[in-house]
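I have a structure here, written as structure tokens, and I will follow up with some questions on it.
The structure displayed is predicted, hence computed values, not measured ones. Side-chain atoms are counted along with the backbone in the values below, which use heavy atoms only and exclude waters and symmetry mates.
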Amino acid sequence: MLERYRTVREPGSKEIVIKKSRFIGHIIPVHTESEAIAFIEQNKKEHWNATHNCSAYMIGERDEIQKQSDDGEPSGTAGKPILEVIRNQGLKNVAIVVTRYFGGIMLGAGGLIRAYTDGAVAAIEAGGAITLVLHRQIYVEVDYTWLGKIENELRTRGVRTGPSSFADRVTLLCLPEDPEAEVFKAWMIDLTQGQSVITEGERVYFIEGE
């Protein structure tokens, strides 16, 4: 799993008008190629009367899956520019469709490239680019006498936390960034003088800065 990567927060759409042609950029976060294909097909059904529904998607930790479609526009003027926007903005696991309703004015190859580029950028703005950071779930079980000290130290260090559970002893859910997990566990054992029971959970992503 990647330690961090950029994607979009949510599905989004945004329309721009260029020389009377309407370009509507649609975007969605995806994790599989089947999700991307379904998204493209859904947009084609919704905009069945559009002149073109051009698309591109990039999926995988190493961008293993990259596809693009000009959907009837001159070769290289639509799908490729959309894919280039995804690549240049450093996004992963996203699919974009740019729908065009022809307005009667020819744009030429250069104009089409710029228009589909702008449509893809508009889609990303609508979806909201974010950075996801990989964290590790670390459960720290201690006697209640340690609770105040640990909570204070976690706040001081800015460690992300989840809900605690309370029984005979308290268990705190700590969420350090994944590369820091081993150092965090060693620090917690030292902080509690070896009186904590530490177990690992899953790796999970959180939005940077939130």
Can I get a per-line list of side-chain donor-acceptor pairs under 3.5 Å for residues 190-197, giving both atom names and the distance, sequence neighbours left out?
residue	atom	partner	partner atom	Å
Thr192	OG1	Met188	O	2.9
Thr192	OG1	Ile189	O	3.4
Thr192	OG1	Ser196	OG	2.9
Gln195	OE1	Trp146	NE1	3.4

Legend entry - Pairing residues for Asp63 by the side chain to side chain donor-acceptor pair (under 3.5 Å) criterion, not counting sequence neighbours: Lys92
Legend entry - salt bridge (Lys or Arg N to Asp or Glu O under 4.0 Å) partners of Glu125, counting only residues at least two apart: Lys14
Legend entry - Joint hydrophobic cluster, Ile105 plus Phe102, side-chain heavy atoms closer than 4.5 Å: no
Legend entry - Co-members of the apolar cluster containing Val85 [side chain, <4.5 Å]: Val8, Ile16, Ile18, Phe23, Ile27, Met58, Ile82, Leu83, Ile86, Leu91, Val94, Ile96, Val98, Leu107, Leu112, Tyr116, Val121, Ile124
Inset, instruction - List, by chain and then residue number, the residues other than Val204 in its hydrophobic cluster (Ile/Leu/Val/Met/Phe/Trp/Tyr, side-chain heavy atoms under 4.5 Å); write none if there are no others. - result: Tyr139, Leu173, Leu175, Phe206
Inset, instruction - Kindly check if the number of other-residue, nucleotide or ligand heavy atoms within 6.0 Å of CD (Glu61) is above 12? - result: yes
Legend entry - Partners passing ring-ring contact (aromatic ring centres under 6.0 Å, His included) against His26 (at least two apart in sequence or in another chain): His47
Legend entry - NZ/NE/NH1/NH2 to OD/OE distance under 4.0 Å, Arg4 and Glu177: yes
Let me have the donor-acceptor pairs involving side chains of residues 150-166, under 3.5 Å, with sequence neighbours excluded, atom names and distances please.
residue	atom	partner	partner atom	Å
Thr156	OG1	Asn152	O	2.9
Arg160	NH1	Glu210	O	2.9
Arg160	NH2	Glu210	O	2.4

Legend entry - Residues which pass ring-ring contact (aromatic ring centres under 6.0 Å, His included) with Tyr57, listed by chain and number, not counting sequence neighbours: none
Inset, instruction - Enumerate the residue pairs fulfilling salt bridge (charged side-chain N to carboxylate O under 4.0 Å, His left out) with a member in residues 70-80, sequence neighbours excluded, ordered by first and then second residue. - result: Glu73-Arg100
Show every donor-acceptor pair shorter than 3.5 Å between a side-chain atom in residues 179-187 and any protein atom, with sequence neighbours excluded, or say none if there are none.
residue	atom	partner	partner atom	Å
Glu182	OE1	Lys185	NZ	3.4
Glu182	OE2	Lys185	NZ	3.2
Lys185	NZ	Glu200	OE2	2.3

Legend entry - Side-chain (His52) to main-chain (Ala50) donor-acceptor, under 3.5 angstrom: no
Legend entry - Verdict with reasoning, Arg87 to Gln66, per side chain to side chain donor-acceptor pair (under 3.5 Å): CA-CA 10 Å; Arg87 184 179 294 115; Gln66 300 183 31; 2.5 Å; yes
Inset, instruction - Name all residues meeting the salt bridge (Lys or Arg N to Asp or Glu O under 4.0 Å) criterion together with Lys67; count only those two or more places apart in sequence or in a different chain, and write none if there are none. - result: Glu33
Legend entry - ILVMFWY cluster membership beyond Leu132 - transitive side-chain contacts under 4.5 angstrom: Met1, Leu2, Tyr5, Ile130, Leu134, Tyr205, Ile207
